[in-house]
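Let me begin by presenting the structure, written as structure tokens, before commenting on it.
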Amino acid sequence: LWHILVLAVVRHACGTNWNTLETWANHHELVRRVMGVHATAFIEDEKIEFNYQTILDNVSLIDEDLLWQINLLVVDAGHKLVKKKEDEALKLKTDSYAAETNVHFPTDLNLLWDSGRKCLDMVEDLREIANVKGWRKIKNIRKTFKSQFRATSQKVFKGKDDHQKKQFVKQYLRQAKSLVEKVEEVVKNPPVVKDKEELIMVIIALLVKYKNYAIKFIDQIERRLLKGEAIPAEEKIFSIFEEHTEWLTKGKLNKKVELGHLLLVTSDQYQFIVDYKVLEKQRDASQVSDLCERIKKYYPAEKIKSHSFDKGFWSKDNLATLQGADIEQVVLPKKGRHNKEDKERESNPEFKKLRNAHSAVESNINMLEHHGLNRCMDKGLHGFKRYAGLSVLAYNLHIPGNALKAKARAEEERREKLRLKVAA
């Protein structure tokens, strides 16, 4: 269990990949010392080694709840290390940012191509274990479909002649519909091979999944590019591989689009991330009540001196919730026009000071992104949440590590001064 946790944290702390992690696990002396397997390294027959797939499978077993509990232990130990007074109150800051999933930018055209090529991949897998009639020219089908996709994309996004654009789109859709018809024949009449029934069922299930995606995107392309309809947001899918991906704009002035999930982060004055949450189709303003409950539940002994937010969290209910909690100073700027009461509240010197200090959470988020949580390389929503928890754990472990190194340097400087003083 210790080996699994160390390797999982090293991957995020160093922002590395699985291949490098395998090399470090077997040959990096410091990593092996932390894991406690360095002692037998000089005896070749007794050397403990870790295979790539073993590392991947075991690290993937860590779940979000376990990581949450470990993070609480790390934060508690860190507070005991850095706090000057045991009962010192916390100054919390909360913000959110877009953590990206590992997907390409989606358009209806390239999502249809993704669906089509995965259908062809599944058919090729079937052909390896069974005789599937009607697919002798599958390589030519793939090549033609890809060429039409690229030509259509060029015309749609760079062309100026609307009539020509529609002609290319119609040709692309004809090829896609032809492919779907051939796939439906395979689904209706799947091959039968003795002792391979379960494998064929799995491949057919995936084939049906990708075929349905292709049908969906054919319909959306017809409606949007040929009929001029606007596709409602709730109908849109942004990746056929990471279906949970959301389209995020965060209301920024430059309207930058990001694909992933919002990650809610709460840090304290010691830079520890004391709370985090992956938001699923939720926004900042809806999180304040649950956040207060989590802080109260997991940090019952801690006093909260202040808690600051940005305007994205504003609502009257949120302000009332925070003021009703056991928080000395609530920093929640109001959106829009201010009345006399709002002006008095926000002109308070302590409010201004804490609001200016709120930007420190942006630094924490930036550091978190450098611990692997800029783009999630793991698959699925469960993998995304595990990835977030491991990145937060890697981040939090650096804080007490830096504090211990600073103490060691200060002690070394003190001894050096004392030595020079005695020598003089």
Side-chain angles (χ1 to χ4, degrees), residues 18-19 51-57 60-61 101-104 106-154 167-223 225-226 235 237-245 377-383:
W18 293 109
N19 289 310
N51 295 322
Y52 177 95
Q53 198 62 44
T54 302
I55 296 170
L56 177 61
D57 291 344
S60 299
L61 292 175
T101 47
N102 188 29
V103 299
H104 61 68
T107 66
D108 293 335
L109 297 176
N110 65 31
L111 288 171
L112 177 55
W113 158 244
D114 283 342
S115 304
R117 70 180 176 84
K118 290 304 293 181
C119 285
L120 293 170
D121 288 345
M122 295 302 105
V123 172
E124 287 186 336
D125 289 345
L126 276 177
R127 293 182 73 209
E128 289 181 1
I129 59 175
N131 181 26
V132 185
K133 295 181 179 179
W135 292 92
R136 184 171 57 85
K137 296 184 177 180
I138 188 169
K139 288 185 178 179
N140 185 58
I141 294 171
R142 183 190 294 271
K143 183 178 179 181
T144 306
F145 189 45
K146 185 174 183 179
S147 297
Q148 188 61 46
F149 154 64
R150 288 189 168 179
T152 305
S153 296
Q154 285 286 326
Q167 292 303 315
F168 272 84
V169 170
K170 287 177 181 177
Q171 178 63 27
Y172 184 41
L173 291 180
R174 275 196 293 270
Q175 289 194 14
K177 288 176 182 177
S178 175
L179 175 60
V180 168
E181 288 174 4
K182 287 179 71 66
V183 168
E184 285 178 339
E185 290 179 11
V186 177
V187 172
K188 289 177 183 176
N189 303 294
V192 179
V193 179
K194 190 177 180 181
D195 299 329
K196 298 285 186 179
E197 291 87 352
E198 290 185 4
L199 179 58
I200 290 174
M201 285 176 63
V202 170
I203 295 173
I204 292 294
L206 290 171
L207 191 58
V208 170
K209 172 186 172 183
Y210 294 125
K211 173 187 71 81
N212 291 338
Y213 275 133
I215 293 170
K216 179 181 181 68
F217 295 126
I218 288 170
D219 175 62
Q220 288 188 358
I221 290 171
E222 284 182 338
R223 289 162 57 195
L225 295 179
L226 299 182
E235 292 186 29
I237 295 173
F238 303 110
S239 173
I240 67 169
F241 307 109
E242 301 290 341
E243 297 94 336
H244 57 91
T245 299
M377 305 307 292
D378 288 353
K379 295 182 179 180
L381 183 58
H382 175 74

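- Atom CD of Q220 sits about 12.5 Å away from atom CD1 of I215, to the nearest 0.5 Å.
- For the atom pair CG (D125) and CG (L207), the distance works out to 10.0 Å, reported to the nearest 0.5 Å.
- At distances below 3.5 Å, at least one donor-acceptor pair connects side-chain atoms of E197 with backbone N or O atoms of D195.
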Exercise for the section: Give the C-alpha distance, both sets of side-chain angles, the deciding distance and a yes or no for salt bridge (Lys or Arg N to Asp or Glu O under 4.0 Å) between R142 and E124. Expected result: CA-CA 11 Å; R142 183 190 294 271; E124 287 186 336; 3.4 Å; yes
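- Using a 4.5 Å cut-off on side-chain heavy atoms (C-beta onward), V183 and W135 make contact.
- Remark: the T101 side chain and the T245 side chain contain an N/O donor-acceptor pair separated by less than 3.5 Å.
- Using cut-offs of 30° and 60° on the angle between ring planes, the pair F145 and W113 is tilted.
- A search for side-chain hydrogen bond (donor to acceptor under 3.5 Å, both in side chains) contacts involving D219 returns R223, not counting sequence neighbours.
- Inter-residue side-chain proximity for E184 and V180 is flagged as met; some heavy-atom pair is nearer than 4.5 Å.
- What you find for Q148 and Y172 is that their closest heavy atoms are CG-CA, 3.6 Å.
- Of the possible polar contacts, one joining the K182 side chain to the G134 backbone as a donor-acceptor pair under 3.5 Å is found.
- Here E222 pairs with K177 in a salt bridge; the nearest charged N to carboxylate O distance falls below 4.0 Å.
- Contact record, A214 with L112: O-CD1, 3.6 Å, taken as the closest heavy-atom pair.
- Between the CG atom in L226 and the CD1 atom in I221 there is a gap of 9.0 Å [rounded to 0.5 Å].
- Closest heavy-atom contact between L111 and P106: CD1-CB, 4.0 Å.
- Rounded to the nearest 0.5 Å, atoms CG (D114) and CD1 (I240) are 5.0 Å apart.
- Between K118 and F241 there is a side-chain heavy-atom pair separated by less than 4.5 Å.
- At a threshold of 4.5 Å between non-hydrogen side-chain atoms, the residues N19 and Y52 count as touching.
- Of all heavy-atom pairs between A130 and V193, the closest is CB-CG2, 3.4 Å.
- No donor-acceptor distance shorter than 3.5 angstrom exists from the side chain of S178 to the backbone of R174, with no hydrogens or angles considered.
- Ion pairing of E185 with K133 is absent here, as no side-chain N (NZ or NE/NH1/NH2) approaches a carboxylate O to less than 4.0 Å.
- Separating the SG atom in C119 from the NZ atom in K209 is a distance of 11.0 Å, to the nearest 0.5 Å.
- E198 CD: 12 or fewer foreign heavy atoms inside a 6.0 Å radius.
- In this structure, the side chains of K170 and Q167 come closer than 4.5 Å at one or more pairs of heavy atoms.
- More than 12 heavy-atom neighbours from other residues, nucleotides or ligands sit within 6.0 angstrom of CZ on R127.
- Heavy atoms only, all atoms of each residue included: I138 and L120 are closest at CD1-O, 3.8 Å.
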Problem - Check against side chain to side chain contact (heavy atoms under 4.5 Å, CB included), I203 and V123 - result: CA-CA 8 Å; I203 295 173; V123 172; over 6 Å; no
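- Among N131, D121, V132, L199, the one residue that satisfies the side chain to side chain contact (heavy atoms under 4.5 Å, CB included) test with L126 is V132.
- Considering all non-hydrogen atoms of both residues, I237 and S239 come closest at CG2-O, 3.4 Å.
- The CD atom of Q154 sits 11.5 Å away from atom CG of L109, with the distance rounded to the nearest 0.5 Å.
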Practice task
Could you walk me through whether E242 and K379 pass side chain to side chain contact (heavy atoms under 4.5 Å, CB included), step by step?
Solution key: CA-CA 7 Å; E242 301 290 341; K379 295 182 179 180; 3.6 Å; yes
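- Of the N and O atoms on the side chains of T107 and N110, at least one donor lies less than 3.5 Å from an acceptor on the other residue.
- Side chain to side chain, E243 and Y213 meet the donor-acceptor criterion of an N or O pair below 3.5 Å.
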